[in-house]
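The structure under discussion appears below in the form of structure tokens.
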Amino acid sequence: MVQEHLLPGAADVRFFHENGFWLAPRVLNDGALERLRAAMDDVYAGRFETGRPPWAGGWQDTGDPTSIRKTDNAHWANLTLRDLALNATIGAMAARLMGTPEVRLWHDQLLYKPGQGPAAAASQAGNVGWHQDHGYWRCTQPDLITAWVAFDDVTTQNGCMLVVPGSHRWGLLPESDFFNTDIEAVRARLAARTGHAFKPVPCELPAGAVSFHHCLTVHASGPNLTPRPRRSLVLHLLPEHATYVAGSPDDNHMNAILMRKQGQQHGAAFAGELWPALYRA
């Protein structure tokens, strides 16, 4: 059921279109958060209540205690995570921000940023490089939106997301790179490329709240300087009109692979059980 009182108003929608991001209110209570953290632990322990693992083994421990764990389509494995991935209120929020009557799940990412303490400030471990999501999603149109759901309080101290307001209007930037953890070097290259002032804004959130950003918004995150992990589920969301762009540089993306496995051709909609709807007007 959609919690109508939490949906963005006209001023919020204008803010999103001008800045490329919006911070939503808290949508999850403490009990729901406890269940989600336990579900995350189950996935990481290889306990899949559906009998199906996430995509391509990304749930597995890398053995590096400083590295971020990024697990695609954890909702395949766990029903509690699936309930969040298909949350109707989050879908309705995204629908208003995108101006679309239907929102579907492109895919989810379960994220775990380990707590490394103050020593992390001297290293690049745990950083996420400046990037645009669409730089990895050219197998569809650049019209998607991301909802980032916090399982813990998120602050600058534990590596909250940083966004560059207005950068969704800069076009696709080849310098953006999720995996380049030297965020200051990439920041300098992006500023030189665009000629725009590069003034990041921290997206600090209480546990249970959600941030939204456009798929062309430049964003990154720094290290977790606390002893506790920073956990979240990220929902990448499709507007109604999104379709498969065959032969793109990202034709090896999970969703392009899944489309080809289904025999889908260029121009087909990402629809059906693999891309379920969160919200329909």
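One-based numbering along the sequence shown.
- Among residue pairs with one or both ends in residues 221-242, those qualifying as ring-ring contact (aromatic ring centres under 6.0 Å, His included) are His107-His236, Trp137-His236; sequence neighbours excluded.
- Side chain of Arg187 to main chain of Trp130: no donor-acceptor pair is present (N/O by atom type, distance under 3.5 Å, no hydrogens or angles).
- Remark: side-chain polar atoms of Thr89 are paired, donor with acceptor, to backbone N or O of Gln3 under 3.5 angstrom.
- Screening residues 265-281 for salt bridge (charged side-chain N to carboxylate O under 4.0 Å, His left out), with sequence neighbours left out, gives Glu102-Arg280.
- Ile145 and Val245 sit in two unconnected hydrophobic clusters of ILVMFWY residues. Membership requires side-chain heavy atoms under 4.5 Å apart, directly or through other members.
- His75 is listed as a side-chain neighbour of Leu105, based on a closest heavy-atom distance under 4.5 Å.
- By the criterion of side-chain heavy atoms lying less than 4.5 angstrom apart, applied directly or through intervening Ile, Leu, Val, Met, Phe, Trp or Tyr residues, Leu258 is grouped together with Leu238 in one hydrophobic cluster.
- In this structure, Asn73 contributes its side chain and Asp108 its backbone to a donor-acceptor pair below 3.5 Å.
- The shortest side-chain heavy-atom distance between Leu33 and Arg26 falls under the 4.5 Å cut-off.
- The shortest side-chain heavy-atom distance between Gln109 and Asp72 falls under the 4.5 Å cut-off.
- Results of the ring-ring contact (aromatic ring centres under 6.0 Å, His included) test with His214 over His168, His134, His219 single out His168 as the only residue that passes.
- Phe15 places a side-chain heavy atom less than 4.5 Å from the side chain of Phe21.
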(request) Step by step, work out the side-chain contact (heavy atoms from CB on, under 4.5 Å) result for Asn255 and Trp55. (result) CA-CA 10 Å; Asn255 283 324; Trp55 173 259; over 6 Å; no
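- Side chains of Glu49 and Asp42 form no contact here, defined as non-hydrogen atoms less than 4.5 Å apart.
- At least one side-chain heavy atom of Pro54 sits less than 4.5 Å from a side-chain heavy atom of Phe48.
- Side-chain heavy-atom separations under 4.5 angstrom define the hydrophobic clusters, and the remaining members of the one that includes Leu172 are Leu216.
- Applying the salt bridge (charged side-chain N to carboxylate O under 4.0 Å, His left out) test to residues at least two apart or on different chains, the pairs with a partner in residues 215-238 are Asp152-Arg231.
- Using modelled atom types, no side-chain atom of Thr226 and backbone atom of Gly115 make a donor-acceptor pair closer than 3.5 Å.
- Of all heavy-atom pairs between Ala24 and Ala209, the closest is O-CB, 3.9 Å.
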(message) Using side-chain contact (heavy atoms from CB on, under 4.5 Å), reason through Asp12 and Arg96 one step at a time and then give a plain yes or no.
(response) CA-CA 10 Å; Asp12 300 314; Arg96 284 203 181 178; over 6 Å; no
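- Distance check, rounded to the nearest 0.5 Å: CD of Glu34 to CG of Asp30 gives 7.5 Å.
- At a threshold of 4.5 Å between non-hydrogen side-chain atoms, the residues Pro142 and Gln132 do not count as touching.
- Minimum interatomic distance between Tyr44 and Leu111 (heavy atoms only, all atoms of both residues): OH-C, 4.2 Å.
- Side-chain rings of Trp106 and His253 approach one another, their centers coming within less than 6.0 Å.
- Residues passing the ring-ring contact (aromatic ring centres under 6.0 Å, His included) test with Trp275, sequence neighbours excluded: Phe270.
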All N/O donor-acceptor pairs, side-chain side in residues 158-166, below 3.5 Å, sequence neighbours left out:
from, atom 1, to, atom 2, distance (Å)
Asn158, OD1, Thr155, N, 2.8
Asn158, ND2, Asp153, O, 2.8

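- Here the side chain of Thr100 pairs no donor or acceptor atom with the backbone of Pro239 at under 3.5 angstrom.
- Side-chain N or O atoms of Gln264 include none that pairs as donor or acceptor with a backbone N or O of Ala269 at under 3.5 Å.
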(request) Might you work through the side chain to side chain donor-acceptor pair (under 3.5 Å) test for Tyr244 and Asp251, ending with a clear yes or no? (result) CA-CA 10 Å; Tyr244 175 41; Asp251 224 23; 2.9 Å; yes
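- Residues Trp22 and Pro8 are in side-chain contact: their nearest non-hydrogen atoms beyond the backbone lie under 4.5 Å apart.
- The heavy-atom pair separating Ala39 from Asn78 by the smallest distance is CB-OD1, 3.3 Å.
- A donor-acceptor pair under 3.5 Å is formed between the side chain of Thr217 and the backbone N or O of Gly20.
- Within the 3.5 Å criterion, the main-chain N or O of Ser232 finds no donor-acceptor partner in the side chain of Lys113.
- Taking SG from Cys215 and CD from Gln141, the interatomic distance works out to 10.0 Å, rounded to the nearest 0.5 Å.
- Contact between Thr140 and Leu144 at its shortest, heavy atoms only, is CG2-CD1, 3.7 Å.
- When all heavy atoms of Ala85 and Leu233 are compared, the closest pair comes out as N-CD2, 4.3 Å.
- Across all non-hydrogen atoms, the minimal contact from Leu278 to Asn87 is CD2-O, 3.6 Å.
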